[in-house]
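Keep in mind the model is a prediction, meaning the values are calculated, not measured.
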Amino acid sequence: MMILLTSLLVGSGEDGARGEDQLLPRAMGQGALGCKDLTYISGLQYVGSGFTKLVLRGNLLNGKEIALKSVHNGGNDVTRCVRRYGDLTGCGTLATYKLHKEVTLLRTLRHPGIITLHGHCYENSIAPDFRVTAMLELGSPLEMIQLLQTPWEKRFKICLELVNLLHYLANSPMGSIALLDFQPRQFVLVDENLKVTDIDDATMEELECKTDKDCALEFPSRTFAVKCSKAGRCTGINEKRNLFNAYRFFFTYLLPHAAPPALQPLLLDIMNATGDLRYGINETLEAFQNVLNLYKSGMNHRRRLLYLKDYMLIEGYRLNETNDGYRCWPSYNHRGCVLSVHNSEEAAEFCSKNTNCHHFIIGHQRTWTGRLLATFTSSTHKLIPDVNSRVYMKKPSNVKK
């Protein structure tokens with residue numbers, strides 16, 4: 001591993017002539033970094049590896065962490081190729097060109113759902129010793145098990161961001177793009193935003209065809225018919241492939257569970273329509289936007305105050321709820337009960353319907369949709385002055401003993 005880390009930082013390349021006065025720290029725009037910057041990266045650590053590529057993390061001179069992606073000579077792509085053809089150099093070059101393709105795509109495709117390319121380094125640009133290092137923004141792996149334990153609003157955000165990405169890919173400057181290796185492991189979270197990070201297996205070509213039979217879109221559990229156009233292409237097959245993969249890898253797990261009851265019929269429609277590919281990406285995006293707008297509106301929490309009248313309001317205070325034993329799931333804080341609410345009436349409704357809940361606190365914090373974060377407690381705690389918070393306490397006559 002140390003030999004591999006050292007070779008990654010060799011600094012002769014197409015950008016090697018840049019002067020010392022142009023080195024970091026400086027504003028790091030799209031593609032701003034080059035080979036010279038690699039020699040100044042410190043604190044290298046292993047992040048992960050796949051069939052083709054190895055990913056490390058390191059610190060630039062300005063302290064910012066980035067990801068470094070290079071060919072993984074011990075990965076399955078190279079080792080299987082060597083076993084078959086016995087040509088280590090040739091197999092390494094083939095894998096390098098896959099990474100080169102990814103860099104080229106990242107330089108062209110610009111979208112919030114695509115990992116940002118901070119720069120790249122081409123070393124020995126003439127084969128057979130051609131080497132590529134991509135310098136990317138650093139994300140954290142997408143852990144589906146952990147996501148299932150997060151509040152529905154966070155899971156919906158992931159799905160909405162994915163739909164926005166697929167809408168862009170269907171209408172990209174390079175044409176309709178399909179992600180052939182569509183798996184959760186190809187995505188990362190950067191500041192809680194979903195981004196695709198592996199696109200070397202992306203294709204801009206839609207299948208050639210002579211009849212509709214040539215356009216069968218096959219998955220392990222389903223096969224879909226796609227029309228063969230007069231131009232001899234399976235038009236729309238890339239969009240459909242991406243959308244069904246989003247359904248089976250993301251929507252199925254993240255959308256329906258613990259969703260607000262008022263939204264469940266709309267979410268069921270989305271699940272059915274994408275699962276059967278009755279929706280295209282335009283219809284899917286519109287449906288997601290409708291769900292978002294309804295959720296942000298408060299749904300049915302615009303009625304007269306049915307629950308809040310049972311609570312006393314104490315303005316300018318919060319409770320010291322550090323040791324409170326009240327829990328709920330899913331919560332924004334796994335050590336307590338923190339939920340997003342449209343307003344204090346929705347918070348009062350939740351607390352009133354849960355016997356052990358006696359108080360709730362609403363501060364200034366909001367979620368990405370603009371909803372308030374409310375903390376629910378079961379015991380009486382010391383009041384602490386806080387101009388940004390207010391405490392709601394159940395009136396004595398409404399506390400069940």
Q: For Cys357, check disulfide (SG to SG under 2.5 Å) against everything at least two apart and list the hits.
A: Cys351
Q | Sub-2.5 Å SG contact, Cys215 and Cys209 | A | no
Exercise answer: donor-acceptor pairs, residues 135-145 side-chain atoms, under 3.5 Å, sequence neighbours excluded:
from, atom 1, to, atom 2, distance (Å)
Glu137, OE2, Thr116, N, 2.9
Glu137, OE2, Thr116, OG1, 3.1
Glu137, OE2, Lys195, NZ, 3.3
Ser140, OG, Leu189, O, 3.3

Q.
Gln186 and side chain to side chain donor-acceptor pair (under 3.5 Å): which single residue from Asp200, Thr197, Asp181 fits?
A. Asp181
(Q) To check you understand the geometry: which heavy-atom pair defines the closest contact between Phe219 and Arg248, and what is its length? (A) CD2-NE, 3.8 Å
Q: Applying side-chain hydrogen bond (donor to acceptor under 3.5 Å, both in side chains), name anything that partners Tyr295, two or more places apart in sequence or on another chain.
A: Glu153, Ser340, Arg371
Q. Looking at Asp77 and Lys98, what are the two nearest heavy atoms and their distance?
A. OD2-NZ, 3.2 Å
Q) Taking all non-hydrogen atoms of both residues, which atom of Trp152 and which atom of His257 are closest, and how far apart? A) CD1-O, 3.6 Å
**Q.** Flag side-chain contact, heavy atom, 4.5 Å: Lys157 against Asn193
**A.** yes
Q) Should Asp276 and Arg222 count as an ion pair when the cut-off is N to O under 4.0 Å? A) yes
(Q) Tell me which one of Phe244, Phe251, Phe250 satisfies ring pair (Phe, Tyr, Trp, His ring centres under 6.0 Å) with Tyr247. (A) Phe244
Q: State, to 0.1 Å, how close Pro330 and Ala258 come at their nearest heavy-atom pair, and which atoms those are.
A: CD-CB, 4.3 Å
(Q) Using the side chain to side chain contact (heavy atoms under 4.5 Å, CB included) definition, which of the options Asp310, Ile361, Leu308, Ile314 pairs with Tyr392? (A) Leu308
Q: Specify whether Phe156 and Trp368 have parallel, tilted or perpendicular ring planes, treating 30° as the upper limit for parallel and 60° as the lower limit for perpendicular.
A: parallel
Q. Are Cys234 and Cys228 close enough that their SG atoms are less than 2.5 Å apart?
A. no
Q. Considering all heavy atoms of both residues, which atom of Lys240 and which atom of Leu217 are nearest to each other, and what is their separation?
A. CB-CD2, 3.8 Å
Q. Is it true that the side chains of His100 and Tyr122 contain a donor and an acceptor less than 3.5 Å apart?
A. yes
